[in-house]
Amino acid sequence: MIPNAYRTVHCNEVRKSHIGQTVTLCGWVNSARDHGGVIFLDLRDREGLTQVVFRPEENADLAAKSHDLRDEDVLQITGKVAARLAGTENDKLGTGDVEIVATEMKILNKADVLPFQLDRELSNEDLRMKYRYLDLRRERLNRNIRTRHKITNAARNYLDAAGFVEVETPILSNPTPEGARDFLVPARLSPGKFFALPQAPQQYKQLMMVAGLERYFQIARCFRDEDLRADRQPEFTQIDIEASFIQRDDIVTLVEGLLAAMFKAGRGIDVPLPFPRMTYQEAMDRYGSDKPDTRFGIEINDMADVFANSGFKIFKSTLDNGGVVRAINAKGFAGITTGQMIRLNELAIEAGMKVKQLAFIKVERDANGVLEYKSPLWKFFGEEEKAALVQKLGVEENDIVFFYAGEWEDACNILGRVRLEIAHMQQLTKDSTALNFLWVVDFPLLAFDAESNGWVAVHHPFTRPKAEDEHLLGTDQNGKARAEAYDVVLNGYELGGGSIRIHEGDLQSKMFSVLGIGPEEQRHKFGHILDAFRFGAPPHGGLALGLDRIAMLVSGEDSIREVIAFPKNNKACDLMTDSPTNVDFKQLRELYVQSTWKPKVKDEAADAKA
RNA sequence: GGAGCGGUAGUUCAGUCGGUUAGAACGCCAGCCUGUCACGUUGGAGGUCGCGGGUUCGAGCCCCGUCCGCUCCGCCA
């Protein structure tokens, strides 16, 4: 920090070597300890604490004045750096060997009593949000925000060094036909028309490639009007990357280096490279998720070979009809409580389970020391089947095995969710510092949407099919086509994803058609990009990383709110500014906009009947 | 849209089976205190038990509704 008219040192700067010097500091009163005579003050700025001492015998007036200081008053203190009395050093402070004997004090601003104490735990989220600037003054959030700066800076430097050019793209653009809800902005100069805030700079980044920029990046604010979660905000930040003349592995290598640089800058650790890779199919088969948390096992096992001729009819018939029978072994979880069991079944039903209870086998020793297989279905299994099952799943005492028989997709969803919940119940990741990075590759290109009775893009409509699957596009094999798409995952969080794009007009046009966007609509909504592809578009691809989630994981937080200076609550409101807000009729009229919203009125007729 | 958890002093929380005047810690205010650093010490102030209704002789506690917050599902190309 540069000394200036306000101060000569910051509050974590003075050391023994300064003894005898006169210094001036500025900061907040962190605490005042008034002994009637001598008064101690901890002065705090963002760098740390320095103890200031007021002695009546040195300066009686000043000491008298210091009695009135209160926490969080803003002061400027001038004094002489002195060694602390022998035995009173404080080794918890960097400045703990010395203290400032005050000779001058200027109260820059008095502070009212704060609505909460900065040095104690605060669980009231309303208060934290309402007085966000005070919450940010606390050490934890202050550190998070500064860590976020460090990793953002590291990303920028890394990409710059790799030849990437930072370009800003419009915030006011057009709504997207697919994907999340758009935030709309009325266009006053085009009455009746609307802009949308970008969900991502997707089309612009591709047009940058057509423009010959070759390597683009942007720390881009993105907006999606969907419901919030601990790791989702309506406005969030992506590190958006696109490059020309590259293939998947080029992007993968680049991004591995980028993430390593960010974790190095933010947490000082060396992330081992390269990250493991897994196909989408494998991720779903083993973990029941396209963003597997690999910090623990409880993997999903396919039991088709074990139960091909099972004595348990439901398993056998499911297999005979093309379904799957899968199982997970929760090691050491035979002590599961009734409540936990109920919770797991609720979760499984929510995830699509057609029956009321997960089939299970619990292995415990009875009073006589005999190993018991407690299960509603154990009795249906033949001896060979039992042996094969125990062998395949490595079943031991105190294990509990859960089964699901049905369609592949349901089995993945249900067992995937149950797996995560068991890990949560067993607290398997509680004190873990593991950083399990992972690439998930070869996503399906398309998914069938029952609601619209059509195909939708799994990633987005500009994603390139894998060359060997391109012929499937537009046939009855649409669902089998895989995409040149990849996600980077950390500890069960999707950090980012991307793809190699379509750069040919005819293929892009075909893709739109498969998605049910006809020639007319294509021209209207995507004319610019289809045009662009006619004028020499290079092969290109890219990826976007969620900066908020990365900052959260670097900081060891559970919510991205802890790494965003001014976040929204789970109704997308800002309790500090009380945003969003009503606007005057006049303002709306200028925009040619009228609200159709009506406040809920209580139905008195219905009440009377009741 | 749905589910779960929570809401008691400024803050963090306790509050038994529905029963006398709703407690503690920290903070706050005032006094004392010349080596503290979570200073100590004496005293004091501070409550719409989120809000509304109901049951009851009596509700912080039970019931219904509602608001707010958090988490999750749906949703998030």
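The chains referred to below are lettered A, B, ... by the order of the sequence lines, with proteins before strands, and numbering in each begins at 1.
What separates CG of A:Asp225 from P of B:rC76 is a distance of 12 Å, to the nearest Å. At whole-Å resolution of the value, CD in A:Gln199 and C1' in B:rC75 are 12 Å apart. Look at CZ on A:Phe40: it is 13 Å from P on B:rA38, rounded to the nearest Å. Rounded to a whole Å, the CG atom of A:Leu575 is 12 Å from the C1' atom of B:rC70. Rounded to whole Å, the distance from CG on A:Asp578 to P on B:rC68 is 12 Å. B:rG4 atom C1' lies 12 Å from atom NE2 of A:His424, rounded to whole Å. Atom-to-atom, CZ of A:Arg229 to P of B:rC70 comes out at 13 Å; the value is rounded to the nearest Å. Look at CD on A:Glu89: it is 13 Å from C1' on B:rU36, rounded to the nearest Å.
Of the candidate nucleotides B:rC70, B:rC39, B:rC28, B:rC39 has the atom nearest to the side chain of A:Ser31. When distances run from any side-chain atom of A:Arg33 to the nucleotides B:rU34, B:rC39, B:rC72, the shortest one goes to B:rC39. For A:Arg232, taking side-chain heavy atoms from C-beta onward, the closest of the listed nucleotides B:rC37, B:rG35, B:rG74 is B:rG74.
Comparing B:rC70 with B:rU16, their P atoms sit 28 Å apart, to the nearest whole Å. Spacing between B:rG7 and B:rG50 at atom P, rounded to whole Å, works out to 8 Å. Taking atom C1' in both B:rU34 and B:rG69, one finds a spacing of 48 Å when rounded to whole Å. B:rG4 and B:rU66 have their P atoms separated by 14 Å, with the value rounded to a whole Å. Taking atom P on both nucleotides, B:rC26 is separated from B:rU21 by 28 Å, rounded to a whole Å. Spacing of P atoms, B:rA25 relative to B:rG6, comes out at 26 Å, to the nearest Å. A distance of about 13 Å separates the C1' atoms of B:rG46 and B:rU11, rounded to the whole Å. A distance of about 11 Å separates the C1' atoms of B:rC28 and B:rA9, rounded to the whole Å.
If you check B:rC32 for Watson-Crick or wobble pairing at under 3.5 angstrom, you find it paired to B:rG40. Of all nucleotides present, only B:rC70 satisfies the Watson-Crick or G-U wobble test against B:rG4, with each distance under 3.5 Å. Remark: B:rC26 base-pairs with B:rG10. Criterion, Watson-Crick or G-U wobble with two distances under 3.5 Å.
OP1 or OP2 of B:rG69 has not a single side-chain nitrogen or oxygen of A:Lys130 nearer than 4.0 Å. Proximity of A:Arg343 to the phosphate of B:rC72: no side-chain N or O atom is located under 4.0 Å from OP1 or OP2. Applying the 4.0 Å criterion to OP1 and OP2 of B:rG69, one finds that A:Lys571 has a side-chain N or O inside that range. Distances shorter than 4.0 Å separate some side-chain N or O of A:Arg70 from OP1 or OP2 on B:rC29.
In terms of position along RNA chain B, the nucleotide closest to A:Val38 lies nearer the 5' end than the nucleotide closest to the other residue of the pair A:Val38 and A:Asp231. Of the two residues contacting RNA chain B, namely A:Leu347 and A:His67, the nearest-nucleotide position lying further toward the 5' end is that of A:His67.
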Side chains of residues 25-32 of chain A: which donor-acceptor pairs under 3.5 Å do they make with residues two or more places apart or in other chains?
from    : atom 1 : to      : atom 2 : distance (Å)
A:Asn30 : OD1    : A:Arg44 : NH1    : 2.9
A:Ser31 : OG     : A:Arg33 : NH1    : 2.9

When the side chains of residues 109-121 of chain A are checked against the rest of the protein, which donor-acceptor pairs come out under 3.5 Å, sequence neighbours left out?
from     : atom 1 : to      : atom 2 : distance (Å)
A:Lys110 : NZ     : A:Asp68 : O      : 3.1
A:Lys110 : NZ     : A:Asp73 : OD2    : 2.8

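Other residues, nucleotides and ligands contribute over 12 non-hydrogen atoms within 6.0 Å of the NE2 atom of A:His35. Counted within 6.0 Å of NE2 on A:His67, heavy atoms from surrounding residues, nucleotides or ligands total more than 12; the atom is thus considered enclosed. Other residues, nucleotides and ligands contribute only 12 or fewer heavy atoms inside 6.0 Å of the NZ atom of A:Lys130.
One can find a donor-acceptor pair under 3.5 Å joining the base of B:rG35 and the side-chain atoms of A:Arg55. For A:Asp227 against B:rG74, a side-chain-to-base donor-acceptor contact under 3.5 Å is present. Counting atom types as modelled, A:Glu99 pairs a side-chain N or O with a base atom of B:rG35 as donor and acceptor under 3.5 Å.
Between the side chains of A:His460 and A:Arg501, at least one donor-acceptor pair of N or O atoms lies under 3.5 Å. With 3.5 Å as the limit, one finds no donor-acceptor pair spanning the side chains of A:Asp548 and A:Gln233. Donor-acceptor pairing under 3.5 Å is lacking for the side chains of A:Glu562 and A:Ser555.
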Stepwise side chain to side chain donor-acceptor pair (under 3.5 Å) test for A:Asn90 and A:Gln51: CA-CA 10 Å; A:Asn90 185 348; A:Gln51 175 164 286; over 6 Å; no
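Under 4.0 Å is where a charged nitrogen must lie from a carboxylate oxygen, and between A:Glu494 and A:Lys291 no such pair does.
If you check every strand for non-hydrogen atoms under 4.0 Å, A:Val458 touches sugar and phosphate atoms only. Here A:Glu346 lies out of heavy-atom contact (under 4.0 Å) with every strand.
Contacts of residues 116-127 of chain A with RNA chain B (heavy atom under 4.0 Å): A:Gln117, A:Arg120, A:Glu121, A:Leu122, A:Ser123, A:Asn124, A:Glu125, A:Asp126, A:Leu127.
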